Protein chains: 2
Amino acid sequence: MKIDPTSSKDLSAQIASAIRDAIVSGAMPVDERLPSEAELADQFEVSRSTVREALKRLAAQSLIRTQRGATGGAFVNRLRYADAYSQQITTSTLLLSMNAVSFETACEARYALERACAPLSATRRTPDHLATMRAEIHRQGQPGLTDEAFCASDVAFHRALVDGAGNPVLSYQLAGAVEAMQPLMNMITFTARSRERIITLHGGIADAIEAQDGGAADAALVELAEYTVALAQSVFEARAAQR
Amino acid sequence: MKIDPTSSKDLSAQIASAIRDAIVSGAMPVDERLPSEAELADQFEVSRSTVREALKRLAAQSLIRTQRGATGGAFVNRLRYADAYSQQITTSTLLLSMNAVSFETACEARYALERACAPLSATRRTPDHLATMRAEIHRQGQPGLTDEAFCASDVAFHRALVDGAGNPVLSYQLAGAVEAMQPLMNMITFTARSRERIITLHGGIADAIEAQDGGAADAALVELAEYTVALAQSVFEARAAQR
DNA sequence: CAATTTTCATTTGTCAGACAATTAAAAGTC
DNA sequence: GACTTTTAATTGTCTGACAAATGAAAATTG
């Protein structure tokens, strides 16, 4: 293997790209062991430090895992849903916070995606999913709950709704959208009355899902979406008037 | 700053986590310069190599960028949609290929998400989006097109449909689902007749979007989804029978 | 012989120091 | 003032070393 030394990119970035391509293309199957750092250094004609920096880049993307010891080394990692989730959430959160995405835009995306899950969830939800949804609704009604805790419970409720669809790919895609909304939701101070309204709407969604009525679930989600946007608007307006 | 030396994780991973948390929490705003590698090494009481490995991890996630020279250093990077797209596509592609996600599951997720975009796209699509969709439909009808080129055009068509919704968050979320499907779609050999059918269905979608008829677009997408699943099933069955 | 312990080789993790490459600011020159 | 040269700061790369982990082989012991 060789690397272009005249490229503008770092050597470690080039090496990481080369190995990444090999993994993504399927040339290196899961659990295959990469050559040792010393061997890679020889092959690419760079120092071991440079190889290590490249490997750390790949490790950050969960593409490889490393193990010390005699039979250790770097191995192609099976990307698990949990790893993919957390990466997606980090990326989505930053994307929203760094690009001044409006509450409306984020909210629209979130509810559009959730509505895509609702009919599937109505058909396939297990008793477990229903129990989680009911439990979160109950928690949301507890007095003395902080806004942050209320929002966290809200996220948990919606995750259960999404997971109910029984499609891991959907769950993975939605995780980012739902979780990344939390910081934006945390900006809203919930009055007792708005909480009550949201809890009622959540109850309606849970009822529809329990009754396996996809249409009703969709309608309830639309109602919740509209209420959320209206609530946010009033909160932001009140805040602007205060100044 | 201090780091737990008894932790099971690598020092570089711990340092990367600490800095990542600072960035994600918003404690370090975009374009803020991190301390130099030497200063970080002092603060965390580790060597410069270890700091560098931590920084490479963050660079791999596009959280920072580095610049050489007197006023250089590592800066908090504004995560752009393009960076987020490509990361999402890499992750989604690996997730599908490494976890033996069935064609049905991936297809269901993709079309469920696209259906979420369709009504928005019908309302907001620009002439540009329509032109792209028409151009890709035309390309798909060209004789002598390889299966790969046909699939690539298919992806481009669906991206235009999604982008038509005018919601960058949706586009970002959908990019992974749509693009990651391509390797799976490439497994299907398209006959002239199946291509013709798909092109007809694409035309129907484009017509509905042009007419700003969300309901018709949704119906056309459902039809396309069903046809795609049926086509895949027949292809896989034929392949199984061949053995 | 079987079970256990010890030794050993391999590999990653960390460190220290050096030099090259790059870059912008500072100093010098006309 | 405009231009050139110098300088200092910073990242990129290399070298060599040692520590820590770990499984396999060898030695030991009953």
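In this text, all values refer to a predicted model and were calculated from it rather than measured experimentally. A note on names: the letters A, B, ... follow the listed sequences, proteins ahead of strands, and every chain is numbered from 1.
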Using a cut-off of 4.0 Å on non-hydrogen atoms, how would the nucleic acid contact of [X] be classed: base, sugar-phosphate, or nothing?
X       : answer
A/Arg65 : nothing
B/Thr71 : sugar-phosphate
B/Ser49 : base

Using only side-chain N and O atoms of [X], determine if any of them is under 4.0 Å from OP1 or OP2 of [N].
X       : N      : result
A/Arg52 : C/dG13 : yes
B/Lys9  : C/dG13 : no
B/Thr66 : D/dG12 : yes

Please pick, from [options], the nucleotide with the shortest atom-to-atom distance to any side-chain atom of [X].
X       : options                : value
B/Arg68 : C/dT14, D/dT11, D/dG23 : D/dT11
B/Ala70 : C/dT14, D/dT10, D/dA9  : D/dA9
B/Arg33 : D/dT13, D/dA17, D/dT10 : D/dT10

Check your understanding: More than 12 non-hydrogen atoms from neighbouring residues, nucleotides or ligands closer than 6.0 Å to CZ on B/Arg80, yes or no?
Key -> no
Review point. Taking everything shown except B/Arg139 itself, do over 12 heavy atoms lie less than 6.0 Å from its CZ?
Key: no
Check your understanding: Which atom pair, heavy atoms only, marks the closest approach of A/Thr132 to A/Ala160?
Key ->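 Taking every non-hydrogen atom into account, CG2-CB, 3.8 Å.
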